[in-house]
Each structure stands twice: as structure tokens, then as C-alpha cells.
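Report on the structure given below.
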Amino acid sequence: MSPLLGIKNWLGQRITKKSGSWSDMLAGLSLASMNIPQVLGYARIAEMPAVCGLYTVLFPLVAFALFGSSRHLVVAADSATAAIFSSGLSEIVSPGSAKYMELVSAVALLNAGFLLVARLFRLGFLADFLSRTVLVGFLAGVGVQVGLSMLYDMTGLVSSSHNTLVQAIGLFQGFGQMQGLSMAIASLSCVVLLAGARQKPHWPVGLCVVVVSILCSWGLDLQHYDVAILGSIRGGLPAFSIPLPGWHDMLALLPISASCVFVIIAQSAATSRAFANIFHEHDDENADIVGLCAANAAAALTGTFTVNGSPTQTAMAVQAGARSQTAQLVFAAVTACVLLFFPAPLQYLPRCVLGAIVFCVAVRMIDIQALNGIRQESPGEFRLALVTAATVVSVGVEQGIFIAIALSLFRHVRHSYMPHTLIMAPEASTGMLEAEAVAPGEQSMPGIIIYRFCADLFYANCNLFADDITTLISSAPDPVKCVVVDCSAITDIDYSAAQVVRDVLQRLHARGITVLFGRVAPFFLKDMERHHITAVLGKENIYMQLHTALASAHKLCDGAKAL
């Protein structure tokens with residue numbers, strides 16, 4: 001088979017795998033109607049020409065659809081990464097200059113290189129540290145952040161800050177300057193959009209709102225009544241070129257690119273995982289990194305800026321009925337048509353309508369039902385979700401993701417640091433072993449303590465293991481002859497914990513108390529041998545089953561009574 005035929009077959013397989021139905025195609029049209037104006041706004045954040053926003057949803061979108069894994073993730077311009085590189089580059093070169101535009105594309109090319117390295121090191125595992133609780137809070141925070149920022153366009157105000165809290169204060173301060181007609185148009189648009197989403201969720205209601213608003217803006221000359229519009233947009237497809245900045249410029253771009261890549265991986269993983277969970281699908285974060293690499297390379301070569309997995313645009317796609325990357329391919333095709341044939345009509349789109357479209361999506365990202373379910377089942381995790389949302393709102397999306405990962409890990413470590421510890425005792429009526437919390441004065445049966453430690457042993461929790469056994473032996477109503485440790489939950493032990501366990505075993509041996517380990521898994525046994533616990537405990541006191549360990553304990557106690 002020739003190489004060209006092989007490439008053709010491979011592309012065909014990728015497209016077939018990701019193909020959807022006519023509803024996906026209709027969703028792609030609706031998605032284009034809502035997101036084409038939005039990416040024009042992101043170009044403003046990036047301090048790039050408005051047409052560069054359209055370029056981010058052309059070839060980069062196709063590149064991710066072909067190389068990525070997620071059926072739902074929309075990769076395009078994003079406010080978080082746009083704010084990161086624009087603030088960094090503005091300190092190096094004047095925004096809007098030819099040099100600035102070259103460096104913006106160079107950052108995207110560097111991002112593609114870093115993402116390729118990230119794929120080689122399989123950094124997609126970062127998504128595993130984002131629990132469903134955190135994802136619900138993350139999306140809620142993004143919804144609040146985006147919704148609040150859109151209120152400026154809906155009310156005819158101009159924001160001077162990207163910080164959500166500053167924006168909230170600015171809304172109160174600018175209450176008297178709000179544009180009444182813009183507010184009325186935005187409110188009417190919100191009503192139509194929300195009603196359409198509830199009654200006809202798969203209809204292109206957003207497209208209808210955009211078309212009608214453009215016609216009204218052009219026919220009624222709404223700009224004359226102080227209703228802000230997008231303004232003129234240059235048409236045509238992008239020219240291909242390779243950004244080649246100097247060596248010193250490249251070194252200056254490295255920290256900016258590293259920050260962008262960290263946000264790209266974390267935010268894209270969080271978004272794709274969140275929507276995969278909604279549809280009970282499996283997502284491959286490492287394959288998505290390949291898609292993100294290809295998308296950023298395409299952005300760099302077509303003269304536009306960094307692209308990222310966007311939670312807002314992904315939510316728009318899902319709510320429009322998209323269930324595969326077919327919708328994104330249709331979106332790219334519509335963008336190409338707009339660039340070639342219809343750049344002029346977009347200039348009449350009122351900004352208040354654009355703000356209303358995005359605001360409605362942001363509101364639906366706040367899943368009150370899911371938050372309430374978390375609150376009822378796990379108040380602690382509900383607080384974690386609120387903290388994640390509050391961090392996204394008050395500090396930023398990228399910081400919110402990192403805080404979410406840190407809090408998730410802290411919660412896990414806290415459970416491991418203070419695990420459940422139990423003492424097993426036979427139930428009076430059945431004689432079956434039942435577990436109870438460790439407490440002074442508890443004993444499994446005369447002369448025997450059956451103890452279960454419900455976590456791996458490591459440096460932070462090994463003292464609890466030692467303290468529990470010491471407390472149970474010293475407070476037991478009958479002299480203890482044998483301690484049986486149920487190791488079913490222990491799969492690993494580190495160096496510090498091994499030293500504590502060896503010390504406990506030696507102290508108990510010196511007091512004439514025999515220790516038996518039951519339900520020892522093969523991998524835990526290897527750890528015990530490596531840390532010389534087996535030598536102190538004795539191989540004859542290690543059992544694969546708990547009942548054989550108990551039988552041995554009974555024999556030892558019966559033998560002690562006979563003596």
C-alpha cells in the first residue's frame with residue numbers, strides 16, 4: 001500500500017470513529033453561530049486582530065478533531081491562555097505590532113513542542129487527580145466567572161479588568177451608565193435562548209437569535225442608539241508561515257509557554273473528563289494531548305494564537321446537541337465560509353446579543369442539582385466543590401484547577417493519614433466476626449486481639465498503628481497472648497513505617513506476645529521481606545488467609561492455658 005493511501009485510510013478511520021448524526025451537523029451550525037462571535041472577543045483579550053479569533057476555529061479545530069480522543073472537547077481560543085500570553089508578551093514587545101504577532105504565533109509553536117513532550121511522558125494522568133466533586137465545582141466557578149464578565153456586554157459597559165471580583169465591583173459602580181436598549185435586547189435574547197434550550201434543545205435557536213439580531217442591527221441602525229456592535233472584520237483564509245523569532249526572544253518565551261501548557265493540559269483534561277462523566281464515556285487524556293499539540297501547531301502555522309480546550313465552548317456544543325467531533329468539523333467549515341464569503345454581516349452583531357448567548361451557557365454550567373446531591377451525600381466534598389468554584393471566581397481558572405488538584409490530594413492524604421482502624425470480635429448470636437472501632441478495653445476474645453488497619457502503612461500514619469496495638473494490649477480485660485493483624489487493606493509499606501512495625505514486633509516479642517499477620521497479599525509480602533519485617537515476625541507467623549491465622553492463634557492460646 002502506498003504512503004498516500006495509508007494516510008487516506010487512517011484519516012478515514014479517524015473521521016468514521018468520530019462521526020455523528022445529522023443532529024451533530026445541526027449542532028455544528030448552532031455552535032458556529034454562538035462561538036464565531038465569541039472567539040472574536042477572545043482575540044481582543046489576546047490583543048490580536050479580530051480575524052485571528054476566527055483562525056483559531058479553523059485549522060486548529062480540524063487538527064484536534066482528527067488527532068484528539070474526546071468526542072465533546074472543543075479546542076479553540078480561550079480566555080485563560082489568552083490572558084496569560086498577552087500579559088507576558090506585553091512586557092516584551094508592544095501589543096498589536098508585527099513583532100508581537102510573530103511572538104504570539106511562536107508561543108503557540110512552543111506550546112505544541114511542550115505538549116509533544118508531555119505526551120511522551122504521559123502527563124494526561126493529571127486528570128486522574130480531578131474528582132467528580134472538583135469537576136462540578138470547577139464548571140460552576142467557570143460559569144460564574146464567564147457569566148459575570150458577559151454582563152458587561154449585556155449592559156453596554158466596558159470592563160477594565162480580567163479579575164472577576166473587580167468586575168463585580170465595576171458593575172455596581174457603573175449601574176448608572178448602563179445602556180437601557182442593550183439591556184432590553186440582551187434580556188429578550190436570554191428569554192428566547194433559555195426557552196429554546198428547554199423546549200427545543202436541538203434546534204439552532206442561537207443561530208436564529210444571531211441572524212435576527214444582525215438583521216435588526218443593520219435595518220434599524222442600532223449603533224445610532226448607542227448599541228455596541230462588533231465592527232468590521234477582515235476576510236480571507238490565513239496564510240501559512242513558520243514563526244522564527246531570535247534565540248533571545250525564544251528564551252524569553254519559554255516561561256510564558258510553560259505557563260500556558262500547564263493550563264492547557266489541566267483545563268482540557270478537566271473539561272473532557274467532566275463531559276465524559278456526563279455521558280458515561282471513557283476519555284483518553286494522553287490522546288487528547290496529541291490533539292492539543294496538533295491544534296497548537298496548526299495555530300502557529302496559520303498566524304493565530306494559542307488554543308485550548310474550552311469549558312464554555314464545549315458546554316455550548318453539548319447543549320446544542322453535539323455528540324461527536326462531527327459538530328466541530330461543521331463548525332470549522334462554517335468558519336471557512338464566513339471568512340471567504342460573509343465577513344461583512346458579522347460587523348453588525350450587537351455585543352449585547354453575544355453576551356446574552358454566552359451568559360445563558362454560563363448559567364447552565366452551574367449544576368445546582370449535582371451540587372445539592374453532593375451536599376446531601378458528602379458535606380465535606382460539597383465544601384471542596386465550593387472552594388474550587390470560589391477559587392476559579394476570585395483568582396482565576398488556572399489557579400482554580402491547581403487548587404482543586406491540591407485539595408483533592410489533601411483530602412485523600414487526610415483519609416490515609418487518619419484511616420479507620422478496627423477490632424474484630426465474634427457476634428454473640430452467630431459467632432461471625434464483626435468489626436468495631438478501636439477503643440480502650442476492647443478485646444476480640446480472651447487472650448486474642450484481632451486488629452485491622454484500613455490503609456497502606458506510611459510515615460504519616462504508622463504511629464497510629466503502634467498506638468492502637470499498645471492501647472488495646474494495655475487496656476485488655478484479659479492478658480493478651482496473641483495479636484492477629486488483618487492485612488487485607490495494607491498493600492504497601494514505606495521505610496519509616498517499616499521501622500515502626502519492626503519496633504512494635506520486637507517489643508511485643510519481648511513481652512511474650514505472639515503476632516500473626518493474616519490476609520497478606522503477595523505484593524505486601526515482598527515489601528515485608530525487603531524491609532526485613534519477615535525476619536523479625538517469622539515466616540511461620542505469616543498467612544495468606546485470616547482463618548488460618550486465627551486457627552494458629554487459638555492453638556497458641558490453648559497451648560498457653562495447658563501450660
Side-chain angles (χ1 to χ4, degrees), residues 7-36 38-39 56-78 119 124 127 135 139 196-197 200-207 264 267-296 298-299 307-338 357 361 364-365 367:
I7 294 173
K8 179 182 177 182
N9 290 340
W10 178 84
L11 289 174
Q13 291 172 1
R14 298 293 294 181
I15 294 172
T16 301
K17 181 180 178 182
K18 294 170 179 291
S19 63
S21 61
W22 284 105
S23 63
D24 284 288
M25 298 182 183
L26 194 60
L29 291 173
S30 183
L31 183 63
S33 70
M34 294 185 289
N35 277 350
I36 284 177
Q38 184 179 357
V39 296
T56 65
V57 288
L58 189 59
F59 293 108
L61 204 68
V62 174
F64 182 83
L66 293 177
F67 292 93
S69 169
S70 173
R71 296 176 62 86
H72 309 289
L73 187 65
V74 178
V75 173
D78 177 69
R119 173 60 184 90
L135 293 174
L139 289 178
K200 302 292 181 182
H202 300 304
W203 285 26
V205 178
L207 176 62
I264 289 170
Q267 179 170 308
S268 298
T271 305
S272 61
R273 175 68 60 87
F275 287 96
N277 288 340
I278 291 173
F279 294 99
H280 308 289
E281 297 172 352
H282 172 73
D283 60 322
D284 186 345
E285 293 84 8
N286 288 308
D288 283 344
I289 290 178
V290 175
L292 290 163
C293 171
N296 276 279
V307 293
N308 187 12
S310 171
T312 309
Q313 297 187 59
T314 304
M316 284 181 171
V318 170
Q319 291 164 12
R323 297 297 179 266
S324 76
Q325 288 290 333
T326 299
Q328 275 66 270
L329 293 174
V330 172
F331 180 9
V334 173
T335 302
C337 292
V338 169
I357 292 171
V361 173
R364 292 193 291 269
M365 291 175 71
D367 194 338

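- Counting only distance, with no hydrogens or angles, the side chain of Gln325 and the backbone of Leu73 share a donor-acceptor pair below 3.5 Å.
- Closest non-hydrogen pair, Gln313 versus Ser310, comes out as N-OG, 3.1 Å.
- Under a 3.5 Å cut-off, the side chain of Asp288 and the backbone N or O of Ser69 do form a donor-acceptor pair.
- Not a single donor-acceptor pair under 3.5 Å links the side chain of Asn308 to the backbone N or O of Asp78.
- Remark: Ser30 pairs with Ser33, Met34, Pro204, Ala320 by the side chain to side chain contact (heavy atoms under 4.5 Å, CB included) rule, at least two apart or across chains.
- By the ring pair (Phe, Tyr, Trp, His ring centres under 6.0 Å) test, Phe59 pairs with Phe240, sequence neighbours left out.
- In this structure, the side chain to side chain contact (heavy atoms under 4.5 Å, CB included) partners of Asp367, at least two apart in sequence or on a different chain, are Gln369, Ala370.
- Side-chain contact between Met316 and Ile357 is present, with at least one heavy-atom pair separated by less than 4.5 Å.
- Residues forming a side chain to side chain contact (heavy atoms under 4.5 Å, CB included) with Ala332 (at least two apart in sequence, or on another chain): Leu61, Val62.
- The line from CZ of Phe331 to OG1 of Thr326 is 15.0 Å long, rounded to the nearest 0.5 Å.
- Residues satisfying the side chain to side chain donor-acceptor pair (under 3.5 Å) test with Asn296, not counting sequence neighbours, are none.
- Under the side chain to side chain contact (heavy atoms under 4.5 Å, CB included) criterion, Val338 pairs with Ile36, Val334, Leu346, not counting sequence neighbours.
- The minimum heavy-atom distance linking Ala287 with Arg119 is given by the pair N-NE, 4.4 Å.
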